[in-house]
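These notes are about the structure you will find just below.
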Amino acid sequence: MDRSSDLLPIIGRFAPSPTGALHTGSLATAVGSWLMAKSAGGHWLLRIDDLDTPRQVPGMVDDILATLESFGLTWDGEIAWQSRNGDAYREAFEALAEEGAIYPCCCSRREIALAASAPHPEDDAIPYPGTCRQGMREGGVIRSWRTRVPDEQLCFDDLRKGRVCQNLFRSYGDLALRRADGVFTYQLAVVVDDFLTGVTQVVRGDDLLPSTLRQIHLQQMLNYPRPQYCHLPLVTGPGGAKLSKRDNLVSHRLGSFRGRDGALLMAVLRFLGQDPPKGLAGAGCGEILQWGVENFGAQRIPEAGGELVLQ
Ligand code: GLU
């Protein structure tokens, strides 16, 4: 059952990982999620996804906050930090373990690759075939804890893409929720965080679409309500190249867009299929965002991504 409801107050969020400065793609996600929440009279929360400590770059949290503020993308309430939420992840993990939904797994990536019968079509992952479901081989050392996923189609309705369906078992396999070193995985952390902060609307890039049904499955297991989802088209580099954390930086410390915030915001609005009046060119970020709050229409967000065009 899709429990997302138009009657819920809209609580959106932006959840950058501090592994690099924001680029034009992250800015488009921030602006899209901000406008979708604010144009519905809702709140917009900020969470720092700092679970994966080795990949974090010092100074990036401050840089991300300063960049968001410089564009006028203010957030509501306190910032949430994944690194401070370990107890909540543990509780959710233990609740699933108590229901018998979790099992230890000793398979390495290499073993999983060898066990796979065919290369995997979706998001290049090799589906985990459930080798340790009935118990680990003798002498096996725990590498992760997993939860079973059903061998059936799961679906949700994306606000932009419409109905999206996937068989999690065939495309991905049983989900790892915790690594042997004790670290909880992104999928569990995001589901618990969105629930605890009352998020009702998740707006993020198309690159995270493969995660969504995994997260919906965990929400169902944990009896959490399902937020609305809207996956935005991706900003690319020239020729459709994927942007990396080094490209198109909008960071005020490092970026090449310094002083062009208004022009960049206008470009993001056009990228998101909105049609800001030409008269707004040269306006400040506050005025441009206000136009967005009054005029944003999710139904106009285009199917295809592409380069962000500054005028
Ligand atoms: N922290 C993730 C990222 O920066 C986004 C998580 C999410 O939006 O669910 O890619």
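As the structure lists them, so they are numbered: ligands from 1, and atoms in each ligand from 1. The analysis underlying the following values was restricted to heavy atoms, covering all of them including side chains, and did not include hydrogens, waters or symmetry mates.
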The reported gap from CG in Leu96 to CE in Met221 (rounded to nearest 0.5 angstrom) is 5.0 Å
Only residue of Leu209, Val203, Ile301 satisfying side-chain contact (heavy atoms from CB on, under 4.5 Å) with His231 is Leu209
For Arg13, the ligand 1 atoms with a heavy-atom partner under 4.0 Å come out as 7 (C), 8 (O), 9 (O)
The answer for which part of Leu208 has a heavy atom under 4.0 Å from ligand 1 is side chain
Report yes if Ala15 has an N/O atom closer than 3.5 Å to an N/O atom of ligand 1; otherwise report no. yes
Do any N/O atoms on Gln215 end up under 3.5 angstrom from N/O atoms on ligand 1? no
Quick one: does Tyr186 get within less than 4.0 Å of ligand 1, heavy atoms only? yes
Near Arg204 (heavy-atom distance under 4.0 Å), the atoms of ligand 1 are 7 (C), 8 (O), 9 (O)
Asp49 heavy atoms within 4.0 Å reach ligand 1 at atoms 1 (N), 2 (C), 5 (C), 6 (C)
For Ser17, the atoms of ligand 1 under 4.0 Å from one of its heavy atoms are 1 (N), 2 (C), 3 (C), 4 (O)
Notebook entry, point to check: Under 2.5 Å between the sulfurs of Cys155 and Cys165, yes or no?
Noted result: yes
ask   = Quick one: are Leu289 and Leu73 in side-chain contact, heavy atoms under 4.5 Å?
value = yes
inquiry  = Looking at Arg226 and Asp157, is any side-chain nitrogen of the basic one under 4.0 Å from a carboxylate oxygen of the acidic one?
reply    = no
TODO: Taking atom types as modelled, find out whether Gln215 and Gln219 have a side-chain donor-acceptor pair closer than 3.5 angstrom.
DONE: no
